[in-house]
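These notes are about the structure you will find just below.
To find a chain, count down the sequence lines: A is the first, B the second, and so on, and within it residues start at 1.
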Amino acid sequence: MLKLSHADYDALRAHGEETYPHECCGVLLGKNDADGNQVHKIVRAGNTRTDRAHDRYNIAPEELIRVQRQARGLGLDIVGFYHSHPDHPAQWSKTDFDEAHWVGCSYIITSVEHGKATLSNSFLLTGTGEEDKKFVDEQVQVVAGEAGSAKENV
Amino acid sequence: MKIHIPTPLRQYTKGQQTVTVGGTSITDALQDLTTNYPELRNHLYTGEGKLRSFVNIYLNDDDIRYLPEKEATKTGDDDELTIIPSIAGGN
Ligand SMILES: [Zn+2]
């Protein structure tokens with residue numbers, strides 16, 4: 001299960017509306033515990049795929065290193081990523097799968113239809129590596145306040 | 001020097017997010033890392049021993065693929081290596 005606050009949930013969906021008709025992307029910082037990944041903070045990232053930003057995204061490694069450094073400073077880990085699918089379902093694509101390498105991390109995909117965020121789904125990348133990795137549907141729990149307190153399912 | 005390990009690879013470094021290694025070059029450091037944590041090898045390198053295309057390794061703020069001396073670059077105790085798999089996708 002992926003837990004995140006209402007504020008973060010709204011913010012990552014709003015990001016997809018802002019960048020529409022292009023894909024947005026960002027990083028989820030938090031902690032992994034027995035319940036799954038808990039998001040404490042989201043960080044927006046730039047999409048370097050300006051050649052076809054309507055259906056591709058890429059986060060520059062330089063930016064990822066800065067984000068990882070920031071996470072370390074906060075005592076948090078990178079626990080996942082998010083991106084949007086402009087006018088496309090909130091379901092992972094073959095490209096998403098081929099380019100997913102962070103086993104144990106959550107990949108949130110938000111469908112943005114005509115500029116409006118509709119469904120957001122999360123997929124946990126499981127396995128041990130490239131040979132046996134798999135995307136598994138993951139329940140998203142949006143909580144009031146900080147992730148980890150009151151419960152509200154979506 | 002220090003090597004920062006990304007979340008998915010920490011299961012192979014006994015959960016450590018940062019590992020200290022010896023040596024005076026990037027090659028030494030990575031060799032030390034994979035000697036101490038042999039399971040990492042398959043996740044960083046292809047069967048032919050080449051760095052996997054989606055694995056980025058940075059010496060401080062520089063991609064080691066673009067350093068003039070690449071992995072032969074000399075390093076000191078204060079340098080940091082960061083391993084960071086790529087993040088990309090589409091629909
Ligand atoms: Zn996608």
What distance do [X] atom [atom1] and [Y] atom [atom2] have between them, rounded to the nearest 0.5 Å?
X	Y	atom1	atom2	result
A/Leu29	B/Thr7	CG	OG1	9.5 Å
B/Ile87	A/Trp102	CD1	CH2	5.5 Å
B/Ile84	A/Glu62	CD1	CD	10.5 Å
A/Ile65	B/Asn60	CD1	CG	9.5 Å
B/Asn56	A/Leu64	CG	CG	8.0 Å

Counting only heavy atoms not in [X], do more than 12 fall under 6.0 Å of its [atom1]?
X	atom1	value
A/Asp33	CG	yes
A/Asp132	CG	yes
A/Lys41	NZ	no
B/Lys2	NZ	no

Answer whether the closest heavy-atom distance between the side chains of B/Asn91 and A/Tyr57 falls below 4.5 Å.
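Counting from C-beta outward, B/Asn91 and A/Tyr57 never come under 4.5 Å.
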With the side chain counted from C-beta on, respond yes when A/Glu130 and B/Arg52 share a heavy-atom pair under 4.5 Å apart, and no when they do not.
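Yes - at least one pair of side-chain heavy atoms lies under 4.5 Å apart.
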Side chain / backbone / both / neither for [X] at chain B, heavy atoms under 4.5 Å:
X	result
A/Arg69	side chain
A/Ser84	neither
A/Gln68	side chain
A/His83	side chain

Non-hydrogen atoms of chain A under 4.5 Å away: do they reach the side chain of B/Gln17, the backbone, both or neither?
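Side chain of B/Gln17 only, per the 4.5 Å heavy-atom cut-off to chain A.
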Side chain, backbone, both or neither: which part of B/Asp62 has an atom under 4.5 Å from a heavy atom of chain A?
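Interface part for B/Asp62: neither.
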Which one of A/Ala71, A/Ala60, A/Pro61 has the most heavy-atom pairs closer than 4.5 Å to chain B?
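So the answer, after comparing A/Ala71, A/Ala60, A/Pro61, is A/Pro61.
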If you count heavy-atom pairs within less than 4.5 Å of chain B, which of A/Val79, A/Asp96, A/Thr95 leads?
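Top count of heavy-atom pairs under 4.5 Å with chain B: A/Asp96.
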Hey, quick one: are A/Leu76 and A/Val27 part of the same hydrophobic cluster, counting side-chain heavy atoms closer than 4.5 Å, chains of contacts allowed?
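Hydrophobic grouping puts A/Leu76 with A/Val27.
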Same apolar cluster (I L V M F W Y, side chains within < 4.5 Å links), A/Tyr107/B/Phe54:
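Hydrophobic grouping puts A/Tyr107 apart from B/Phe54.
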Grab the two heavy atoms, one from B/Ser86 and one from A/His101, that are nearest each other, plus how far apart they are.
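Result for this residue pair: OG-CD2, 3.6 Å.
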If you look at every heavy atom in A/Ser93 and B/Gly90, which pair is closest and at what distance?
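Minimum heavy-atom contact is OG-O, 3.1 Å.
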